[in-house]
Amino acid sequence: MRYFIAISFLLIVVACQKPKRPTKEWAIVLHGGAGNMDSTKFSAEDIQLYEDGLRAALDIGKKALVDGHLAIDVVEKVVKNLEDNPLFNAGKGAVFTNDGRNELDAAIMDGRDLNAGAVAGVGDVRNPISAARLVMEQSPHVLLIGKGASLFASEQGVEMVDSSYFYTEKRWQLLQRSLQKAGKNGTVGCVVLDRNGNLAAATSTGGMNNKRYGRVGDVPVIGAGTYANNNTCAVSATGHGEYFIRYTVAHDISALIEYKGLTLDEAAQAVVNGKLTNEAGSGGIIAVDKYGNITLEMNSTGMFRGWADASGNEGVAIFK
């Protein structure tokens with residue numbers, strides 16, 4: 001009887017405890033792609049350009065968070081900046097398909113209500129991440145593709161461009177050399193915890209160089225390359241998309257936190273350097289949990305990344 005009363009009292013105490021507050025007022029992480037990159041092939045000038053690009057996007061997100069903007073607004077704003085930077089394989093710097101076209105994908109997710117939106121295979125939308133957000137907020141759907149996605153974006157007032165806008169000589173030469181199996185996996189992404197305790201994730205990509213047959217990777221697949229849930233974490237992935245889809249990487253990290261009680265670091269390591277490594281799924285993820293903890297986990301030699309939080313923890317990096 002005493003044992004029963006003691007257990008009952010303990011359960012009441014636990015039930016009455018207030019939910020744990022975030023340990024940090026805000027936090028942000030972003031990435032610009034990952035892969036098995038050879039650092040010797042990057043000049044000091046190249047590294048400086050990439051680091052400057054990461055810092056510029058990071059500063060945009062930091063300012064917005066300090067000013068009290070919502071997480072969903074911040075991730076869109078940051079990813080738009082990365083889409084407009086031709087250094088990264090998203091938006092302006094998108095790679096070319098086998099037949100010389102650009103096919104872009106993007107996704108965004110709001111951790112408050114699990115609402116999400118995505119577009120895939122668009123070639124005339126300047127900022128696919130904004131089109132993805134409109135799918136989330138202005139349609140009953142989650143994923144729109146190809147001409148239908150472009151038509152919807154145009155009707156919603158998204159800036160449309162001629163396909164020549166996406167052309168960069170560097171990406172064109174990449175196609176000509178057929179470097180499909182070398183270099184980095186190109187994607188950009190951002191995850192955020194805002195001052196209200198809300199999480200959000202956004203990811204955008206120019207796809208896979210020299211791809212054929214209308215291939216779509218993990219980025220616009222909610223739960224694979226993009227996921228956010230206020231109860232756990234927000235995740236954006238970059239890597240070999242087929243593997244990230246098969247293992248629903250982003251959601252799996254959230255599920256390990258929710259159902260097994262793992263920390264963010266433990267969950268990310270178990271997936272990225274456990275399941276994916278065993279199946280040769282090269283790449284990485286960025287994530288932030290509901291307490292403001294951040295992680296940047298990869299099983300490749302490098303990932304373009306940046307991070308900051310309200311406690312002053314801040315930096316950018318490329319290689320391991």
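Residues: numbered from 1 along the sequence shown.
Considering CG of Leu104 and OG of Ser204, their distance stands at 6.5 Å, rounded to 0.5 Å. Taking CG of Asn85 as the start and OH of Tyr50 as the end, the distance is 9.0 Å to the nearest 0.5 Å. Note that CG of Asp67 is 8.5 Å distant from CZ of Arg195, once rounded to the nearest 0.5 Å. Note that CD1 of Ile47 and CZ of Phe319 are 5.0 Å apart. Values are rounded to the nearest 0.5 Å. Expressed to the nearest 0.5 Å, how far CG of Leu256 lies from CD of Gln269 amounts to 12.0 Å. Rounding to the nearest 0.5 angstrom, the gap separating the OG1 atom in Thr187 from the CG atom in Leu82 is 11.5 Å.
Taking 4.5 Å as the limit, some side-chain heavy atom of Leu58 sits within range of a side-chain heavy atom of Glu314. Phe152 places a side-chain heavy atom less than 4.5 Å from the side chain of Val135. In this structure, Lys62 and Trp26 have side chains that are in contact, with non-hydrogen atoms separated by less than 4.5 Å. Using a 4.5 Å heavy-atom cutoff, the side chains of Val288 and Leu199 are in contact. Between Tyr167 and Phe96, the closest side-chain pair of non-hydrogen atoms falls below 4.5 Å. Looking only at side-chain heavy atoms (C-beta outward), Phe88 and Leu54 come within less than 4.5 Å of each other. Residues Asp218 and Val249 form no side-chain contact, since every pair of their non-hydrogen atoms from C-beta on lies 4.5 Å or further apart.
Checking Arg212, Lys211, Lys147 one by one against Glu103, the salt bridge (charged side-chain N to carboxylate O under 4.0 Å, His left out) holds for a single residue, Lys211. Among Leu30, Val29, Leu65, Ile72, the single residue meeting the side chain to side chain contact (heavy atoms under 4.5 Å, CB included) criterion with Val192 is Leu65.
Counting only distance, with no hydrogens or angles, the side chain of Lys92 and the backbone of Tyr165 share a donor-acceptor pair below 3.5 Å. Between the side chain of Asn102 and the backbone N or O of Val95, at least one donor-acceptor pair lies under 3.5 Å. For Thr248 (side chain) and Asp252 (main-chain N/O), no donor-acceptor pair under 3.5 Å exists by modelled atom type. No donor-acceptor pair closer than 3.5 Å links the side chain of Asp124 to the backbone N or O of Ser163. Side-chain atoms of Thr301 come within 3.5 Å of backbone N or O of Met37 as a donor-acceptor pair. The backbone N or O of Met298 lies less than 3.5 Å from a partner atom in the side chain of Asn273, making a donor-acceptor pair.
The shortest non-hydrogen separation linking Val235 to Ile285 is CG1-CB, 4.1 Å. Nearest heavy-atom pair across Ala71 and Asp194 is N-OD2, 2.8 Å. Nearest heavy-atom pair across Ala34 and Thr238 is N-OG1, 3.2 Å. Of all non-hydrogen atoms in Gly225 and Thr203, the two that sit nearest each other are O-OG1, 3.4 Å. The two atoms that bring Val272 and Asn299 nearest to each other are O-ND2, 2.8 Å, heavy atoms only. Of all non-hydrogen atoms in Val78 and Ala57, the two that sit nearest each other are CG2-O, 3.8 Å.
Between the side chains of Asp162 and Ser164, a donor-acceptor pair is found at a separation under 3.5 Å. For Glu258 and Asn231, the side-chain atoms include no donor-acceptor pair closer than 3.5 Å. In this model, a donor atom of one side chain and an acceptor atom of the other lie less than 3.5 Å apart for Thr40 and Asp38. In the model, Asp105 has no side-chain atom that pairs as donor or acceptor with a side-chain atom of Thr205 under 3.5 Å.
Dense packing is recorded around CG of Leu70, with more than 12 heavy atoms of other residues, nucleotides or ligands lying under 6.0 Å away.
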Could you go through the side-chain contact (heavy atoms from CB on, under 4.5 Å) check for Lys290 and Ile257 one step at a time?
-> CA-CA 11 Å; Lys290 63 181 180 179; Ile257 294 171; over 6 Å; no

Given side-chain hydrogen bond (donor to acceptor under 3.5 Å, both in side chains), test Ser254 with Asn229 step by step and report yes or no.
-> CA-CA 8 Å; Ser254 172; Asn229 184 335; 4.6 Å; no

Quick one: do Met303 and Ile286 satisfy side-chain contact (heavy atoms from CB on, under 4.5 Å)? Show the steps, please.
-> CA-CA 10 Å; Met303 178 166 66; Ile286 57 172; 4.1 Å; yes

Steps toward side-chain hydrogen bond (donor to acceptor under 3.5 Å, both in side chains) verdict (Asp265, Thr263) = CA-CA 5 Å; Asp265 279 342; Thr263 66; 5.6 Å; no

Criterion side-chain contact (heavy atoms from CB on, under 4.5 Å) on Glu76 and Ser130, from CA distance to verdict = CA-CA 7 Å; Glu76 180 188 8; Ser130 294; 2.8 Å; yes

Asn313/Lys24 under side-chain contact (heavy atoms from CB on, under 4.5 Å): CA gap, chis, key distance, verdict | CA-CA 10 Å; Asn313 175 30; Lys24 299 179 181 68; 5.6 Å; no

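Residues Leu134 and Val119 fall within the same hydrophobic cluster, defined by Ile, Leu, Val, Met, Phe, Trp and Tyr side chains chained together at heavy-atom separations under 4.5 Å. Residues Tyr291 and Leu262 do not share a hydrophobic cluster, defined by chaining ILVMFWY side chains whose heavy atoms lie under 4.5 Å apart. Taking hydrophobic clusters as Ile, Leu, Val, Met, Phe, Trp and Tyr residues chained together by side-chain heavy-atom distances below 4.5 Å, Ile294 shares a cluster with Val191. Residue Ile108 is grouped with residue Val188 when hydrophobic side chains (ILVMFWY) are merged at heavy-atom distances under 4.5 angstrom, including chains of intermediate members. In the hydrophobic cluster analysis, where Ile, Leu, Val, Met, Phe, Trp and Tyr join through side-chain heavy atoms closer than 4.5 angstrom, Val219 is grouped apart from Met208.
Ring geometry for Phe42 versus Phe304: interplanar angle of 30 to 60°, hence tilted.
Note that Arg215 lies outside the cation-pi zone of Tyr213, set by a 6.0 Å cut-off to the ring centre and a 45° limit from the axis.
The existence of a salt bridge linking Glu266 and Lys260 is excluded, since no basic side-chain nitrogen approaches an acidic carboxylate oxygen closer than 4.0 Å. Ion pairing between Lys77 and Asp73 fails under the 4.0 Å rule for side-chain N and carboxylate O.
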